[in-house]
Each structure stands twice: as structure tokens, then as C-alpha cells.
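A short write-up of the structure that comes next.
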Amino acid sequence: MTNHWVDIKNANLIVVMGGNAAEAHPVGFRWAIEAKTRNKAKLLVIDPRFTRTASVADFYAPIRTGTDITLLSGVIRYLLETGKYNKEYTLAYTNAALLVHPDFKFEDGLFSGYDAEKRKYDKSTWAYQLDEKGMAKRDDTLSDPRCVINLLKQHVSRYTADVVANICGTPKEAFQAICEHLAETSAPDKTTSFLYALGWTQHSIGAQNIRTMAMIQLLLGNMGMAGGGINALRGHSNIQGLTDLGLLSTSLPGYMTMPSEKEPSLQAYLDKYTSKPLADGQMNYWQNYPKFFVSFMKAMWGDKATADNGWGYDWLPKWDKGYDVLQYFELMHQGKVNGYFCQGFNPVASFPNKNKIVESLSRLKFLVIMDPLVTETSTFWQNHGEQNDVDPAKIHTEVFRLPTTCFAEEDGSIVNSGRWLQWHWKGAEGPGQALTDPQILAGIFLKLKAMYAKEGGAFPDAINSLSWAYGDPHEPKPEELAKELNGKALADLPDPKNPGQFLAKKGELLPGFALLQADGSTASGCWIFAGSWTQAGNQMARRDNSDPSGLGNTLGWAWAWPANRRILYNRASCKPDGTPWDKKRTLIKWNGEKWVGVDVPDFKADEAPGSPMAPFIMQAEGLGRLFALDKMAEGPFPEHYEPFETPLGTNPLHPKVISNPAARLFKDDKAQLGQHQQFPYAATTYRLTEHFHYWTKHARLNAIIQPEQFVEIGEELAREKGIGHGDMVKVSSKRGYIKAKAVVTKRIKALQVNGQSVHHIGVPIHWGFEGLTKKGFIANTLTPFVGDANTQTPEFKSFLVNIEKA
Ligand SMILES: Nc1nc2c(c(=O)[nH]1)N[C@H]1C(S)=C(S)[C@@H](COP(=O)(O)OP(=O)(O)OC[C@H]3O[C@@H](n4cnc5c(=O)[nH]c(N)nc54)[C@H](O)[C@@H]3O)O[C@H]1N2
Ligand SMILES: Nc1nc2c(c(=O)[nH]1)N[C@H]1C(S)=C(S)[C@@H](COP(=O)(O)OP(=O)(O)OC[C@H]3O[C@@H](n4cnc5c(=O)[nH]c(N)nc54)[C@H](O)[C@@H]3O)O[C@H]1N2
Ligand SMILES: [Mo]
């Protein structure tokens, strides 16, 4: 989230689209209800199903799965054509006025630079026009046809209300109402908050779904504002912490990038990722990349990292391709992987195409499971009839199971969706032989190190050089890890403004990332966490909830990254002249000398209004991007592409380019995609409040309230297929089938799309062949092995099935 949970109460309009907050985030959702009572906010829900969130909404509109870009592009068209957007904000704070490369174009579903063989773009024309000094050119009169906003108008001109209705199945009147509601919040004293999660991300065009919404937020002037922003409602309780700490396969902590084979030297790497300004006088955080990176390297390797050895650059892995889960399981399937560590993960149940996952695991030499529970992954080799039809005699994978504690049995920090690091304390000791994850990993590390010392090996350097300065090497403590992530001074850091004084003395914990150095005199495991555990103590354990402004920015409650800032880009909550767009929502303002307010200013503290410095200080030009330059895989503007399994069999906008041309699809998986003639129904998967993924199969209490596997179908389809409420049905895709009870419901309606009737089938995830409760089929037996072009998130939310009475 750019904003945070409590801030949702400040919105005037809440749009839940691409998620089902009342069901999946029932506690956080209270802030949406608070906005309704406090601000008379309207709540809109746009979902293929009439959900539990829809049941408390002011307005609900249906949409066909996988078509949100069309609807949102239609909204952008409406805003631009009616002029109902915040013009002053758009001109000053977005790249609307910047000029785009003369050779950039879009034609027949493709942007300039496409290479069909590689399924990749050459992005050299996805750029600004630059002046002699290398700065982006702009035309503030907006009369140049190459201005971003003019190209955008042209791009979205195709997304008329008719096109929206034809592709999305959303009735025209409903679409008109959505446009009008959103347009109202272009007023400087009104904001919209979009609450989204997997209904947007789990698509082959997932990242562009979110980008299209972000563009609307920029046009409405809602970014940086209380009650506005981009608010991803995240999943597992610490999944935000997971991405912060770089657990994605091409990330390092703090959203730095893992080096690849294309950057063989430290210099090449730093040159690539250290941002160069695209506008005169612009400050940009990524200019400090070397400070963040060298400090990270000092945390990794300690004294062994020196200027002479490039701070240990050669010890970091260099990727040749992204090792996301689809890639990894594809390699496993090809027999190219020997061993797999599964720490708090149940891929047999949670990854797409369950049968492929089981085949892949069967080709391993060994599999290690670190989990407090028995999972389907740990027993993938056992035959469970139709639910897992394997022959154990043919599987030779050796499985090791290491029981762990769970979050409630350890101290530590959990980062919530709003970027708050909240310290928590264990509720009980772990049972039996369970060890904490750090104990297990430390044990493996120490053993490996001893083996290298005794037996040697191809590349012991990285293991040997790792810094491991914990009181008990076998049990790094949460406090020690947290301090390591915060960082400390490795030498006295003199204060340049006060000679003879020091900003930090050697050995002290750092107060924030501003002190990080590129010369090896600071260490910090995760630069965005710097400030979370300082000389003043554990900031994450703070519990002062006083809220002087009433806006919910409780700066004394826990600690938010970066710098305890609650609302990112909050400079944009003020006009260029430094006065707030809306007095009631004053986050910060210019007091004549510096920026002050109820939030930590996200700007250079003493940079006076009127200077050319713009508010989006993570960008080289300081502006919100309506044109994404080369940052996205499939284009700088969003475009509608059909799901890889489309019920239409075509793309009504450009039949030659049906699905995302830049999405990665492996050969064998392509052969396993179904066609609409054989699998005519659009299916989507989702969760239920009463369950948590696959864990609650171990809790009988949950089984009382939600006992048996089911799928949801609309009344019309049920009639067509002769299926009654409670009948057993078989749902099949090209990859396999499941059997479940049919719930026939009014909540899913047939949609009229491109001259045909499209039915949706809803498939809750949860059941499997392990646990104490009633067994069932794994929903992911049905889902396709294809991912988003940018994030590789699997397309769990749009695929094709058939249904029949079992
Ligand atoms: N009780 C409970 N809470 C949970 C979890 C749990 O297992 N149990 N899991 C947690 C996790 S890890 C996560 S990531 C979050 C997920 O939170 P959500 O994303 O809110 O959860 P889903 O149930 O997957 O909801 C997706 C919604 O998107 C809709 N949808 C599907 N396709 C489309 C589409 O193309 N467009 C639009 N507009 N909508 C679409 C579906 O109908 C569904 O209502 O929930 C978290 N909260
Ligand atoms: N079709 C379909 N598939 C989906 C989704 C969907 O919407 N539709 N959603 C996707 C999403 S968003 C998610 S997040 C995934 C979830 O996929 P998984 O993360 O694979 O599913 P979980 O059941 O949450 O598995 C987490 C495991 O961690 C264990 N665990 C709990 N605490 C600890 C601990 O402290 N240490 C260790 N080592 N283990 C622990 C639990 O016992 C559990 O077995 O599913 C994905 N798959
Ligand atoms: Mo998730």
C-alpha cells in the first residue's frame, strides 16, 4: 500500500475490484465500513460474482474474468473526454506533458519493437524525447501530438462504453455509473481508494490491471492524498515482509535487484541500477543505490567485504533467468533439478496444474519440507485414489520432513499491507521436536560450512565468507536479526554540518537510511528497514495510538517503512505552491522554511515550493507515469489481452493478437491449454473466510462451519446442464478434473459477451487429501501453467472448464 489500512476511512469512494475484502480481509475491511459511516463514502464492487463484499456495497457491477483493463481503460477515456480529471495535478505531477519518442507506436494489438520469435519487445522506442543534456523534453501547452496525454487519449479512444459492454459483459448503465462515481473524486477535496488483491494479480495481464488503476488515481489527483493511493490488500500475514526482504527470485532486500550474468562486475551492476536524473534538479532515491547496496554487502559478508574485492560482489549469485515457481517447476519437470527445499509452502495444493507439480516432484532426488503440518506436498508420493492417483513404487524422491514452529510460537516482526512493522511476542512454545526456521537454517548452514572445511568443494567462498555474528550461532535470535536488518555504523560518522560532532558513533544502530554510506562504513541488511531498531530501542514494539489529526496517522504506533512515513508521495497532497489540495486532509505543508505535518514528509525537507523538484521521488523525472517507459514487459500503455484460455476464442479488439504477447508460456504447457469448443465455461478460483488456504484442513472447528468441497454455478447454467443444488458434479479442464457438490446460486449471472452468453464457474480453493477434516480434490488440478509477463504470477483467476453431473 502507498497508504495504510486505517487511512481507508478517509476515502469518499471505495472501489473493491479484483478482490473480495469482506471475505479475505474481514478485519481490515472495517475501515471501508468506517468510511461509509464517517464520510458517507460509497462502496462499489466490480466482480464476476456477487460477493460478500458486494452484499454490503452501494453498487455492484458484474465483469467477465480477465477483462478489467478494458473497463478501466474505458474509465480513462471517459475522464479524458469529459475533462473530469484534476488538470493541475496531472500537468504538474504526472508525465502527461512529456514528449514520447517519435518511433513509438501501437498497431493491431502490438507496440513498436515486437519480436514474435522471442515473445519479447525491443523497448528502445518506449522512451521520452531527450534534450542535449539528456533531460526529458516537455510541452506544457500539451499541443504537441507526442505529449504522453495526447498519445494516451488516442490509445484509449477505442474503449467506448459499447466496447466495454461487449468485452466485459458489464451493462452500459452500470459502466456509466462507475465512470460518474469515479469522476466525482477528481475534485481536490474528494478521494477514491481501490481495494484489490488476487482478482487483479492472478492473470497473464495482472500487473497491467493494477497499472491501469494507478493511472486513474494519477488523473484523479488521488496519489499522495489521505484516503487515496494504491492499496494492495496483501495475503499471508507477513507476505509484505517477504517481498521487502527480497525473497522474490530476482530481488535483493529493499527492492534492489539481484545481479544477473549481464552485470559481471560491480561497476556494471551499479551503473545499471543507479538512477540518473531525467529532469533538471530532480532528487531521486535510486541515485543512492550504491549506498544501499554496499551497506547490504557489509551486512552479508562483514569484514570480508572490502573495496578491493568489490564488497564481495563475486559471492552473490548471478541469475541467467528468473527462478520464479513456474520456471523452477518447469526445470524440475525436465529433470534438471536434484533437490528442492519447501519452507512454509505447499506447492502441490497451491501451484497451478497439480498433476504437473506432482510429476515434477517425482523427478527430484530429494525434497525437504519445513512445515509445522503435514501437507499434500510432503505426501505427494502416496496414492489417494482419484485425488492423487500416483504409483508410489515408481517414485524415488527421498523426502525429509523437518517440523517447524509457526508464527504464534516465536517473537518477531510482521509487516502488514500498510508497510507497518509490528513486533509481536510468542504465545506458546513450539510442541515436540519443532524448531524455529532460523534454528533449522542455521543448523544446515553450519553443517555445510564444516563440510566445505573438511572436504573442499567447487565454490566454498560464499558460504565461508558469510558473516554470522550471532550470540549462539545455532540460534540467531529475532532481536539480533532485526538489528542486523536495521543496520549500524562500522566507523564514526562525522556530521558534515557540525565539525567535531558525529551522526553516529562506531557500533551504534543507525537512526535511518539517510546515514548509509557507499564506502563500507555502514552495514544494513535492508535499507528500507533502517530506523526500525535504533539506539532509542525497538520502534516496531511501540504502541502509542494517539492520532492528533484524526486521519489515522498514528506515528507512535509500530514503525512504517520508509522512515516511519505513513503515506507515500505525500508531497503530492499539496499543490505546487505548497498549500494542501484539501485542508481537511492536511498531511504536510510548507511552513516557510520546511515541510511539516502529521506525517513524515516524503520530500527534501527544505526544498521550497516553486522549485522544479517534483513529488514522485522514486522516479528519474519525479513524475507519476501515465506512460510507463520500459518498465513493463508488454507495453507502456495497458491493452486488453484475453486470458490464455478465453471463452471467446478471439480478441474482439485485434483478432491477430489474442493474449498477452509477452507472457512466458512453456511449450508443453501450451499443448495443455484448452479451447472454448471443448471447455466452454470461464472458471475462477478464490478463498472463503472460514478457511485459511490449506492449513484449516487440520482444524475441525473450521470444518463445522464450512465442511464440504463445492463449486458455484448460476441458475441458468444449472438449468441448461440439468444440475440441481447439492448434486455431485465433475468439473474438468484440459489438465484434469475435480468432483464437488454444486451450489446453484443467483450470485453468478450469465454475461452477454461478443454475441455469446458466458457462464462463470466459481471454484473455492482449500480441499485436498491431507488433514483431519473431510477430504476433497485440489482445485489447482484445473488451473493453467501460464503467468503474468512481469511477475510470473499464475493465471489462477481465468481459465476454461467443462461441467457435468458426476
Ligand atoms: N479467510 C481467509 N483470508 C485470507 C486468505 C485465506 O486463505 N483465508 N488468504 C490470504 C491471501 S494469501 C491472499 S493473497 C488474500 C487474497 O485476497 P482476495 O484476492 O480478495 O481473495 P480471493 O478470494 O482470491 O478473491 C478474489 C476475488 O476476485 C474475483 N475475481 C476473479 N477474477 C476476477 C477478474 O478478472 N476481475 C475482477 N474484478 N475480479 C475477479 C473473484 O470472484 C473473487 O471474489 O486473502 C488473504 N486472506
Ligand atoms: N487456484 C488458486 N491457487 C492459488 C491461489 C488462488 O487464489 N487460486 N492463491 C495463491 C496465493 S495468493 C497464495 S499466498 C498461495 C498459498 O500457498 P501456500 O503458501 O503454499 O499455502 P499455505 O497453505 O498457506 O501454506 C503455507 C504453509 O506454511 C506453513 N507454516 C505456517 N507457519 C510456518 C512457519 O513459521 N514456518 C514454516 N516453515 N512453515 C509455516 C503452514 O503449515 C502451511 O503448510 O496459494 C496460491 N495458489
Ligand atoms: Mo497470497
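In each ligand, atom 1 is the first atom listed, and ligand 1 is the first ligand listed. Just the heavy atoms: all of them, side chains too, but no hydrogens, waters or symmetry mates, feed the values below.
Each of the following atoms of ligand 2 lies closer than 4.0 Å to a heavy atom of Cys406: 32 (N), 34 (C), 35 (O). Under a 4.0 Å criterion applied to the non-hydrogen atoms of Thr375, ligand 2 contributes the atoms 44 (O). Counting atoms of ligand 2 from 1 in the listed order, those under 4.0 Å from a heavy atom of Phe407 are 35 (O).
Ligand 2 has an N or O atom lying under 3.5 Å from an N or O atom of Asn346, backbone or side chain. An N or O contact shorter than 3.5 Å links Met370 to ligand 2 by distance. Among the atoms of Thr405, some N or O lies under 3.5 angstrom from an N or O of ligand 2.
Checked against the 6.0 Å centroid threshold, Tyr340 and Tyr328 count as a close aromatic pair. In this structure, His236 has its ring center no closer than 6.0 Å to that of Phe345.
Asp669 has a carboxylate O that lies under 4.0 Å from a charged side-chain N of Lys356, or vice versa, which qualifies the two as a salt bridge. In summary, Glu708 and Lys775 do not engage in a salt bridge, as defined by a charged side-chain N under 4.0 Å from a carboxylate O. Using a cutoff of 4.0 Å between basic side-chain nitrogens and carboxylate oxygens, Glu359 and Arg735 are not scored as salt-bridged. Between Glu712 and Arg49 there is a salt bridge, since a side-chain N of the basic residue sits under 4.0 Å from a carboxylate O of the acidic one.
Using a distance-only test at 3.5 Å, with no hydrogens or angles considered, a donor-acceptor pair links the side chain of Asn780 to the main chain of Ala349. With Thr67 contributing its side chain and Thr70 its backbone, the two residues share no donor-acceptor pair below 3.5 Å.
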Q: Test side chain to side chain donor-acceptor pair (under 3.5 Å) on Asn20 and Thr53 and set out the steps.
A: CA-CA 6 Å; Asn20 182 8; Thr53 313; 2.6 Å; yes
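Near ligand 1, heavy-atom contacts under 4.0 Å come from Met17, Gly18, Gly19, Asn20, Ala24, His25, Ile46, Asp47, Pro48, Arg49, Thr51, Ile63, Thr65, Gly66, Asp68, Ala197, Leu198, Gly199, His203, Gly235, His236, Thr684, Tyr686, Arg687, Leu688, Thr689, His691, Phe692, His693, Lys797.
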